[in-house]
Colleague: 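The structure's right below; bear with me while I get my questions together.
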Amino acid sequence: FVDPNMKEAKEVSPNDKEKKEIDPSAIELPKPYTKKLTPPFWGKKEFTNFDVDTVFAWVNVKGMYTRSWGYKSKDKKKAKDLIKEEAEPNFLRLKNKFIKEGLFDPVVLYGYFPITKEGEQLHILGDGKNITHTLEFPRGKNPPHRALSDYYNKEDILPVTLVSAGQKLDEYEKKLYNNGELKEYYLVHGLATELAEALAELIHKQIRIELGVTQGKEEPDLKEIKLSHYQGKRYSFGYAACPELADNQVIFDLLKPEAHGITLTETFLMVPECTTSAVVTVHPEAVYYTT
């Protein structure tokens with residue numbers, strides 16, 4: 001028997017006991033970003049103005065070879081030989097296969113939405129006039145005790161993105177796995193994951209180009225690959241700055257990826273697996289951090 005008047009018990013983790021209120025005087029806010037930003041459109045849009053070769057050029061192959069594919073060794077010469085003899089040929093082989101057989105069918109969605117800020121909250125005017133969604137971000141426990149919302153002005157623009165390596169690659173991965181072709185599966189999955197990341201980098205740069213924040217830092221051209229040392233950051237849900245995976249639903253509400261076969265599970269994970277979303281800030285002081 002459960003008493004209907006009894007409130008549901010909340011599980012308390014050791015970390016919950018350690019939570020302390022942050023002294024407001026200890027918070028060091030970034031300087032306000034005063035450059036006026038004008039988006040080329042309001043609302044959502046599918047981005048298609050790129051070619052497949054450009055996406056493959058954005059792939060962080062060095063990271064993929066060692067991190068995703070496991071081509072590494074304490075012996076530097078052996079590691080170099082593994083990359084030259086196995087990793088690089090596998091990358092070129094799979095690239096040609098993905099393109100020739102049409103397995104790589106990317107989806108790139110993004111948009112610009114007006115927001116108002118209130119403390120750690122960003123209120124999104126999804127219809128351009130009324131608050132339709134609110135995102136709330138935790139304030140870091142370590143100095144300077146910033147929250148992601150600190151990188152936006154009282155009234156500002158929120159760029160959001162959602163990209164996917166596509167359903168065909170997802171289906172091909174499952175086929176390899178079910179057939180027991182595990183080595184090929186891991187190679188394909190590793191490359192598909194990096195392609196999703198490459199698409200995220202590509203559309204992030206497109207946003208920087210459209211908002212005019214590339215001057216003096218990078219060329220306003222998608223063919224110029226720059227994986228760091230640019231202005232602004234993109235943040236995906238599930239990480240320290242924005243830990244709530246449930247907020248993926250906000251991105252779905254704004255960008256409507258279901259029309260492209262992309263769905264959200266009950267636990268707010270995206271399907272196909274090689275799909276990623278993000279909120280973007282162009283504030284020059286924005287950094288990645290842990291809470």
Side-chain angles (χ1 to χ4, degrees), residues 46 48 50-74 78-79 81-109 161-203 227 234 236-239 243-249 251-252 255-278:
E46 180 179 7
T48 58
F50 62 91
D51 56 58
V52 173
D53 283 329
T54 299
V55 181
F56 274 92
W58 276 89
V59 171
N60 181 1
V61 289
K62 290 183 179 179
M64 180 180 68
Y65 293 159
T66 57
R67 181 178 60 249
S68 302
W69 285 2
Y71 286 110
K72 53 187 174 181
S73 172
K74 293 182 179 179
K78 184 177 180 180
D81 290 342
L82 280 171
I83 289 174
K84 183 178 181 180
E85 296 170 10
E86 292 190 42
E88 289 178 351
N90 274 325
F91 173 66
L92 292 175
R93 175 179 65 83
L94 288 177
K95 175 185 175 182
N96 291 333
K97 182 180 181 66
F98 286 8
I99 294 174
K100 184 178 180 180
E101 299 182 18
L103 292 172
F104 182 45
D105 187 23
V107 175
V108 181
L109 306 174
T161 69
L162 188 148
V163 302
S164 178
Q167 289 180 305
K168 292 180 181 178
L169 267 180
D170 192 59
E171 293 168 0
Y172 182 58
E173 283 183 39
K174 291 175 182 175
K175 180 180 178 181
L176 290 171
Y177 187 84
N178 292 335
N179 289 343
E181 299 176 62
L182 297 185
K183 181 178 180 179
E184 187 72 355
Y185 163 78
Y186 285 118
L187 291 174
V188 168
H189 180 70
L191 180 52
T193 300
E194 293 296 335
L195 283 169
E197 185 68 13
L199 289 168
E201 289 282 7
L202 182 142
I203 194 58
L227 299 176
R234 61 182 173 89
S236 294
F237 297 115
Y239 292 91
E244 294 296 330
L245 276 176
D247 286 337
N248 273 325
Q249 184 64 63
I251 304 295
F252 270 63
L255 297 183
K256 311 293 185 186
E258 297 92 339
H260 300 269
I262 300 168
T263 58
L264 205 56
T265 69
E266 291 182 356
T267 53
F268 303 102
L269 296 175
M270 290 174 283
V271 180
E273 182 181 348
C274 294
T275 301
T276 185
S277 66

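Here the structure is a predicted model, which is why all the values come from computation and not from measurement. Heavy-atom basis, side chains included; hydrogens, waters and symmetry copies ignored.
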Colleague: Just do the side-chain contact (heavy atoms from CB on, under 4.5 Å) check on Trp58 and Leu227 with the steps written out, would you?
Modeller: CA-CA 8 Å; Trp58 276 89; Leu227 299 176; 3.8 Å; yes
Colleague: Report yes if some heavy atom in the side chain of Met270 is under 4.5 Å from a heavy atom in the side chain of Asn248; otherwise report no.
Modeller: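 Met270 reaches Asn248 side chain to side chain.
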Colleague: Would you mind reporting whether Val163 and Thr276 have side-chain heavy atoms less than 4.5 Å apart?
Modeller: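 In contact.
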Colleague: Please state whether the rings of Phe98 and Phe56 are parallel, tilted or perpendicular, taking 30° and 60° as the class boundaries.
Modeller: tilted
Colleague: Quick one: closest heavy-atom pair of Ala165 and Ala192, and the distance?
Modeller: CB-O, 3.8 Å
Colleague: Mind checking the NZ-CG spacing from Lys183 to Leu176? Nearest 0.5 Å is all I need.
Modeller: 13.5 Å
Colleague: State, yes or no, whether a side-chain contact exists between Lys95 and Phe104 at a heavy-atom distance under 4.5 Å.
Modeller: no
Colleague: Please evaluate residues Val55 and Leu202 with respect to the criterion side-chain contact (heavy atoms from CB on, under 4.5 Å), reporting the C-alpha separation (whole Å), side-chain torsions for both, the decisive distance (0.1 Å), and the verdict.
Modeller: CA-CA 7 Å; Val55 181; Leu202 182 142; 4.3 Å; yes
Colleague: Relative to each other, are the rings of Trp69 and Tyr71 parallel, tilted or perpendicular (30° and 60° limits)?
Modeller: perpendicular
Colleague: Quick one: does any side-chain atom of Thr275 pair with a main-chain N or O of Val271 as donor and acceptor, under 3.5 Å?
Modeller: no
Colleague: Report the distance from atom NE2 of His189 to atom CG of Asp170, rounding to the nearest 0.5 Å.
Modeller: 9.5 Å
Colleague: Atom CZ in Phe237, atom CG in Asp247: separation rounded to 0.5 Å?
Modeller: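 So the CZ of Phe237 and the CG of Asp247 are separated by 4.5 Å.
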Colleague: Within the 4.5 Å heavy-atom criterion, are Leu195 and Val59 side-chain neighbours or not?
Modeller: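 Leu195 reaches Val59 side chain to side chain.
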Colleague: Please indicate whether Tyr185 has more than 12 foreign heavy atoms, meaning atoms of other residues, nucleotides or ligands, lying under 6.0 Å from its OH.
Modeller: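 Count over threshold, so yes.
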Colleague: Does the side chain of Thr161 reach to within under 4.5 Å of the side chain of Arg234, using non-hydrogen atoms?
Modeller: no
Colleague: Considering non-hydrogen atoms only, spot the tightest contact between Pro89 and Lys84 and give its length.
Modeller: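 Looking at all heavy atoms of both residues, the shortest contact is CD-O, 3.4 Å.
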Colleague: For the atom pair CG (Leu264) and CZ (Phe252), what is the distance rounded to the nearest 0.5 Å?
Modeller: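 Here the rounded value is 4.5 Å.
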Colleague: Going from CG on Leu191 to CG on Asn90, what distance comes out if it is rounded to the nearest 0.5 angstrom?
Modeller: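 Between atom CG of Leu191 and atom CG of Asn90 there are 10.0 Å.
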Colleague: Counting C-beta onward and ignoring hydrogens, is there a side-chain heavy-atom pair between Leu103 and Val188 closer than 4.5 Å?
Modeller: no
Colleague: Between Gly102 and Lys168, which heavy-atom pair has the shortest distance, and what is it?
Modeller: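 Looking at all heavy atoms of both residues, the closest pair is O-CD, 3.2 Å.
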Colleague: Donor-acceptor pair, Asp51 side chain versus Asp53 backbone, under 3.5 Å?
Modeller: yes
Colleague: Mind listing the closest non-hydrogen atom pair of Ser236 and Ala278 along with its distance?
Modeller: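 Shortest heavy-atom separation between Ser236 and Ala278 comes out as OG-CB, 4.0 Å.
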Colleague: With side chains defined as the heavy atoms from C-beta onward, is the minimum distance between Tyr172 and Lys97 less than 4.5 Å?
Modeller: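 In short, these two side chains touch, coming nearer than 4.5 Å.
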Colleague: In terms of side-chain geometry, is the basic nitrogen of Glu273 or Lys174 positioned less than 4.0 Å from the acidic oxygen of its partner?
Modeller: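 Salt bridge between Glu273 and Lys174, a charged N being under 4.0 Å from a carboxylate O: no.
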Colleague: What is the distance from atom CG of Leu82 to atom NZ of Lys72, rounded to the nearest 0.5 Å?
Modeller: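 Output value for this atom pair is 12.0 Å.
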Colleague: Name the one of Glu184, Glu86, Glu88 that satisfies salt bridge (Lys or Arg N to Asp or Glu O under 4.0 Å) with Arg93?
Modeller: Glu184
Colleague: Is the shortest side-chain heavy-atom distance between His260 and Ser164 below 4.5 Å?
Modeller: no
